Every structure is written in C-alpha cells, then in structure tokens.
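Let me give you the structure first, and then I'll get to my questions.
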Number of protein chains: 2
Amino acid sequence: MPKSVTRSHSRYTKEAVTLLSRLIRVARIERNLTAQEVAERSCISRSMLQRIEKGDLKCEIGAVFEVATILGINLFNAEQSSFTMAKNIRQTEERLTLLPQKVRKKTKVINDDF
Amino acid sequence: MPKSVTRSHSRYTKEAVTLLSRLIRVARIERNLTAQEVAERSCISRSMLQRIEKGDLKCEIGAVFEVATILGINLFNAEQSSFTMAKNIRQTEERLTLLPQKVRKKTKVINDDF
DNA sequence: GGTTAACGGTTTATATATGAGTCATCATGT
DNA sequence: ACATGATGACTCATATATAAACCGTTAACC
C-alpha cells in the first residue's frame, strides 16, 4: 500500500466483520478447539487467528473464510456439503452474461423528466 | 509475512469468495456504476476493485465487504437498514458468555495407580 | 490450593498486498 | 461508422500485514 491511505468503513461493513468474528470464536469454543489447533488447520498463525477473532478489518478474506469453513460455519447460507454454492455461482454468472460488459456514462443528460 | 507461507484454501472457501466477487460485479453493472466510481466511493483503488471482482483470496475483508455494502449487497442475510446485524452480534456474544473462556485439551489419565 | 496449558499482548524481520501509473483494446452511445 | 470512455493487464515503489518468538496473566482441571 503506497501512499498511506486511511480507509473508511461503513457501520454495516464493520458489523458484518464483527458478527463473523464472534461466530468464529463461539464455534471454536463450542467445538472445544484450541486457538493453536484451528490456526494450524487453517494454515495461519495463532496471532492471525487472534486478529480474526477480534474482527480486524484488514485480514485476508481467504484466511477469515477458511477459518469459518474449518469451524463449519456456513457462508452465504450455502451448506458446505451441497452444491448450492456452485449453483449460486453459475446463476450469478448467467445473470452477468445478460448485462453489458462496460458501463458507459451518458455524456448528454437525457430528458428523463417524468 | 516472514517465512514465505503457501496458503491452502478449501474448495468451499474459494467458492464463497468467488460467489461474492460475482455478486459484486453483477451489482455494479446493474447499477450502472463505473469501476472508478465504486472504487472511489469504497476508498480503494481501481486495481483493488479489479482483484476483488476477480475473487482474489488475499484482499482485505474490510475492503471486500465495504464494496459489497456500497453496492447494496446484504451480508449474512442482514438488511442494511435494520437492526438484525446488531441483534445477531448481541445474541452471539451472549452465547459466548455461557461458554468457558479457555479450551483445555489434556484430559489427563486419572489415577491409574489402583 | 497448586499446576500448567491456553490466552492476550507485545516486538521484530520480512514477504507482499496495495495504490498509482501506463498502455492497448474494445464495447458502447451517438 | 466513429469517437472515446471503460476496462484488463501489466509495472513499480512502499506501506504494512503476517509469522515467529517471547512473556505475564489467567482460567481450567486436578
């Protein structure tokens, strides 16, 4: 990250990350798994898991989702042992083909009055 | 990141990130927003948004969620204008208070000195 | 109460993610 | 058909996220 940039996050974003972090911590304790164990199985360090469980916004999404997956937390309401995720991806990609490939801003203001 | 670490990701993790990236791209096109516009409103660079829309696992979760939020995508089935997210957080934290704070592993073999 | 493993909070070195910039291509609105 | 703005695919410098190590505290089991 060149040119130090202070990120601003909407409240909704922060809450979403916070919720996921809490779900992760609860799931880990409930399953009686040590932080070290979960970290190793998720291929991350223990300090990384600590930040994830604290709801750090700067963690890699892949790492956070991997921990959630290891702990059996369903993402986007798609069960892990089903094909719903793949199906959702296909459906979304299908919608994409129906859309224009580029977004073009109108140079002229169209009279869209009424 | 010291000691170059190659991360391994489960299929489910990859698909979850991929799905979110597709949802983001579809939402952006549907709302007729330029990549540059969305990037600016999300406080990230255009190249960052490119990686997010490609489903890069190494993007910051805060950045990805922020883009999703800007585009009106609901995370964890919680509508952005409601209190469901905060309520879910509270409920999860409440569950946490009922759990032990540490996970203890070694259930040592009890006195076998008959 | 005593033992000890688990946890939180540091620090440090380094691999790398990110922002900024450039360029070629092409889809899109006129 | 044409002009051009949007996009993808790079490169590069650097701010920083991360793994590893350590330590003091604390909670869990005996």
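Because the structure is predicted, anything quoted here is derived from the model rather than measured. Proteins come first, then strands; the chains are lettered A, B, ... in the order of their sequence lines, and each starts at number 1.
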Fill in the blank from the handout: Per nearest nucleotide of DNA chain D, the residue lying toward the 5' end, B/Gln101 or A/Cys43, is A/Cys43
Exercise for the section: Any chance you could measure B/Arg41, atom CZ, to B/Thr69, atom OG1, to the nearest 0.5 Å? Expected result: 11.5 Å
Exercise for the section: Can you tell me the distance, in whole Å, between the CZ atom of B/Arg7 and the C1' atom of D/dT18? Expected result: 8 Å
Handout entry: No-H, no-angle donor-acceptor pair, B/Lys102 side chain to D/dT26 base, under 3.5 Å
Key = yes
Practice task
Using heavy atoms to find the nearest nucleotide of DNA chain C for B/Asn32 and A/Arg28 separately, return the residue whose nucleotide is more 5′.
Solution key: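 Nearest nucleotide further toward 5': that of A/Arg28.
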Exercise for the section: Indicate whether any N or O donor in one side chain lies under 3.5 Å from an N or O acceptor in the other, for B/Ser10 and A/Glu66. Expected result: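 Yes, a side-chain donor-acceptor pair sits under 3.5 Å.
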Completion exercise
A/Ile29 CD1 to D/dA28 C1', in whole Å, measures 12 Å
Practice task
Could you say whether A/Pro100 or B/Ser45 is positioned toward the 5' end of DNA chain C, judged by the nucleotide with the nearest heavy atom to each?
Solution key: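 It is B/Ser45 whose nearest nucleotide is closer to the 5' end.
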Practice task
Return the value, rounded to whole Å, for the distance between atom CD of A/Glu60 and atom C1' of D/dT16.
Solution key: 12 Å
Practice task
Report yes or no: is there a donor-acceptor pair, N or O only, under 3.5 Å between the side chain of A/Arg51 and the base of D/dT18?
Solution key: no
Handout entry: Electrostatic pair B/Lys105:A/Glu37 at N-O distance under 4.0 angstrom
Key =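 A/Glu37 and B/Lys105: salt-bridged.
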Practice task
In whole angstrom, give the distance that lies between atom CE of A/Met48 and atom P of D/dA21.
Solution key: 18 Å
Practice task
Confirm from the modelled atom types if B/Arg104 and C/dA6 form a donor-acceptor pair under 3.5 Å, side chain to base only.
Solution key: no
Completion exercise
Rounded to whole Å, NZ of A/Lys54 lies from P of D/dA17 at a distance of 13 Å
Handout entry: For atom CG of B/Leu99 and atom C1' of C/dA6, their distance in whole Å
Key =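 Taking atom C1' of C/dA6 as the reference, CG of B/Leu99 is at 16 Å.
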Practice task
Return the value, rounded to whole Å, for the distance between atom CD1 of A/Ile61 and atom P of D/dT18.
Solution key: 13 Å
Completion exercise
In whole angstroms, the gap separating C1' of D/dA9 from CG of B/Asp56 amounts to 14 Å
Practice task
Record whether the side chain of B/Arg46 comes under 3.5 Å of the base of C/dG21 through a donor-acceptor pair of N or O atoms.
Solution key: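 Such a pair does not exist between side chain and base.
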Exercise for the section: Please work out if B/Thr34 contacts a base, only the sugar-phosphate, or nothing of the nucleic acid, heavy-atom cut-off 4.0 Å. Expected result: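 Sugar-phosphate, backbone atoms only, no base.
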Exercise for the section: Please work out if B/Gln50 contacts a base, only the sugar-phosphate, or nothing of the nucleic acid, heavy-atom cut-off 4.0 Å. Expected result: base
Practice task
Check the angle between the aromatic planes of B/Phe65 and B/Phe76 and answer parallel, tilted or perpendicular using the 30° and 60° thresholds.
Solution key: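 Answer is perpendicular, since the angle exceeds 60°.
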Exercise for the section: Report the distance from atom CG of B/Asp56 to atom CD of A/Glu60, rounding to the nearest 0.5 Å. Expected result: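 Separation between the atoms: 8.5 Å.
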